[in-house]
Colleague: 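Sharing a structure here in structure tokens format.
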Amino acid sequence: MRRLHRAVRLAAGGLAACAAPAWAQTETRTSADASVTAGYSNNPFAVLGDDTGSAVVTVDLAPRIDLLTARSTLSLSGDVNLQQYLRRYGRNDSYSGAIDYRLQSSERVTSHLRLDASDAVLGSFNGYQPIVAGTSPIGALVGASSGAAVAGGAGAGGTTTLLPIIPVTALTSFTDIGLYGLRNRRVLGRLSGDVGVSLSARDSLTLGGYGEVTRYQNLRAGDYEAYGASAGYSRRVSDQFSVGLRGTASDYHYRPPQGDTRAYSVEATGTGRISDVWTVDGAVGVSFIDGGGIGSTRSTSLSGNLNLCRRGPLSTFCVQAARQVSPTGLEGSQYVTSAGFTWAKRLDGRSNVSLGGSYSRVGGDRARLIAGALPLQTEYAQATAGYDRRLAERLRFVASTSYRQLLGQSEAGRPKDFGGQVGLSYRLGDRR
């Protein structure tokens, strides 16, 4: 903890030092989305038993501030989600925030620093973020010689420019499926960053690292800290495609020291533009977990990811799949396999519709037990659909429905979760 706190302070100091000269000519965008919805969930916390459904009223506030200069972007965002269930469950509130800084210090060097924090109940309705969710429309690759990743303005119809450089991502955090049904609150803090350097007109190098602290409210044995580093090399073989190699290494330190584990991976990578509307990127290789944890996997296995996206003038469709190593609260460090899709379409100048689905699997077929003989879950699936319509310049009608299910033989007595919500959303400040 002390090491991570010190790293956060140093990172914040370095961020302020390098950013200060650039703020003289800054464009500031301030906005906030406020929404009120009413809905129903058949089993909002994935608990065992009968008669688990409840109506719920949700108030959500998501402020955001963007500071943009010619070479840098500093974004501060947050979300406060307040829920009141009309029976059985009472209040359920969650909070999250992020600070994201991107800097293009020269034509050949870019850097990125991000700090995330969240406080939420695992498995709660309207609180689960699947690994494959949140896919943004992907723009076309451009054949620039810098080889650096630069994000253009996404607001006001702006496009995102993705240059052929390896995206460095340490091990992606995911929600602990095995802890569903316990209503356990998890507090998470994560600091990550990377630097991209163009070695030549075709060659790029990326270095990255992260640190993460996870604490559970009523499950101190599951607390862990994680640290990792990654390095990647990419070569642009044409104006449309680049290939490369990357390696990662991570350490997981659990509160019981016998659960400490280490994970390593080596993967071949590729990024490309298949056509004017289709892009693809991915990686394939091997990962190895080494540790003495009771629940941890100790083996070598295939790892990688695939992202395939189509971005048209009125719709976006993305398919994602991944297999990687991730820490869990009680199951040690495990291989996590996931797959899913997202689709969104603009119906007219006022209305949008979206669909999404995902499947996640943790570890193998073994059911692990904790106190009370409650089986830890290893598989999860969900589907969502959404619709929104602009009623006025800043006011929108929003509606969504979802279906969630924990899979496996041990789930016979756990009701499936299905439900939906309708309400209004209002944009304050900048409309972009």
Side-chain angles (χ1 to χ4, degrees), residues 37 39-56 58 81 83 85 87-89 92 94 120-135 172-186 295 318-324 326 328-331 334-343 353-370 372-387 399-422:
T37 62
Y40 173 85
S41 176
N42 187 61
N43 191 3
F45 296 94
V47 298
L48 293 166
D50 300 321
D51 192 24
T52 58
S54 175
V56 58
T58 303
N81 188 273
Q83 293 184 320
Y85 288 89
R87 60 181 300 271
R88 184 168 182 168
Y89 303 106
N92 175 55
S94 60
V121 173
L122 288 171
S124 61
F125 172 69
N126 213 25
Y128 177 74
Q129 296 292 328
I131 299 172
V132 297
T135 302
T172 303
S173 296
F174 82 110
T175 191
D176 275 347
I177 299 172
L179 299 181
Y180 275 24
L182 302 181
R183 295 196 68 181
N184 205 304
R185 181 170 292 273
R186 180 178 67 176
C318 289
V319 177
Q320 295 186 331
R323 179 173 171 81
Q324 61 190 0
S326 187
T328 68
L330 276 181
E331 296 180 286
Q334 296 288 337
Y335 287 105
V336 179
T337 303
S338 62
F341 76 95
T342 56
W343 172 81
V353 64
S354 63
L355 295 173
S358 66
Y359 167 84
S360 301
R361 179 183 177 88
V362 181
D365 297 326
R366 292 186 303 161
R368 297 176 179 84
L369 302 179
I370 61 173
L374 179 67
L376 297 181
Q377 314 313 319
T378 60
E379 294 181 83
Y380 178 88
Q382 79 164 13
T384 60
Y387 172 81
S400 65
T401 184
S402 65
Y403 179 89
R404 308 186 305 160
Q405 183 177 1
L406 288 162
L407 306 174
Q409 294 180 353
S410 62
E411 292 311 303
R414 190 185 302 271
K416 302 175 180 62
D417 181 32
F418 54 84
Q421 54 188 337
V422 296

Colleague: Any sub-3.5 Å donor-acceptor pair from R87's side-chain atoms to G53's backbone N or O?
Modeller: yes
Colleague: Once you round to the nearest 0.5 Å, how far does OH of Y387 lie from OG of S400?
Modeller: 13.5 Å
Colleague: For Y380 and S358, indicate whether the former's side chain and the latter's backbone hold a donor-acceptor pair under 3.5 Å.
Modeller: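 The answer is no, because no donor-acceptor pair under 3.5 Å joins these two groups.
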Colleague: Report yes or no: does N43 contribute a side-chain atom to a donor-acceptor pair with the main-chain N or O of D417 at less than 3.5 Å?
Modeller: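 No, because the side chain of N43 does not come within donor-acceptor range (under 3.5 Å) of the backbone of D417.
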Colleague: What's the spacing between S41 OG and F418 CZ if we round to 0.5 Å?
Modeller: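 Output value for this atom pair is 8.5 Å.
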Colleague: Rounded to the nearest 0.5 Å, what separates atom CG in N42 from atom OH in Y403?
Modeller: 9.5 Å
Colleague: Rounded to the nearest 0.5 Å, how far does CD of Q421 lie from OG of S402?
Modeller: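 If we round to the nearest 0.5 Å, S402:OG and Q421:CD are 7.5 Å apart.
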Colleague: Please confirm whether the backbone N or O of V47 pairs with a side-chain atom of R183, one donor and one acceptor, at under 3.5 Å?
Modeller: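 No: the side chain of R183 does not pair with the backbone of V47.
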Colleague: Any heavy-atom pair between the side chains of F341 and L355 that's under 4.5 Å?
Modeller: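 L355 reaches F341 side chain to side chain.
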Colleague: Would a 4.5 Å heavy-atom cut-off, applied to side chains only, mark T337 and Y359 as touching?
Modeller: no
Colleague: By salt bridge (charged side-chain N to carboxylate O under 4.0 Å, His left out), which residues pair with R185, not counting sequence neighbours?
Modeller: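 Only D119 meet the salt bridge (charged side-chain N to carboxylate O under 4.0 Å, His left out) criterion with R185.
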Colleague: Working to the nearest 0.5 Å, report the span between CD of Q320 and OG of S338.
Modeller: 8.0 Å
Colleague: I'd like to check V56 versus Y89 (side-chain heavy atoms, cut-off strictly below 4.5 Å). Are they in contact?
Modeller: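 V56 vs Y89: side chains apart.
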Colleague: Which heavy-atom pair separates Y85 from P44 by the least distance, and what is that distance?
Modeller: OH-CB, 3.4 Å
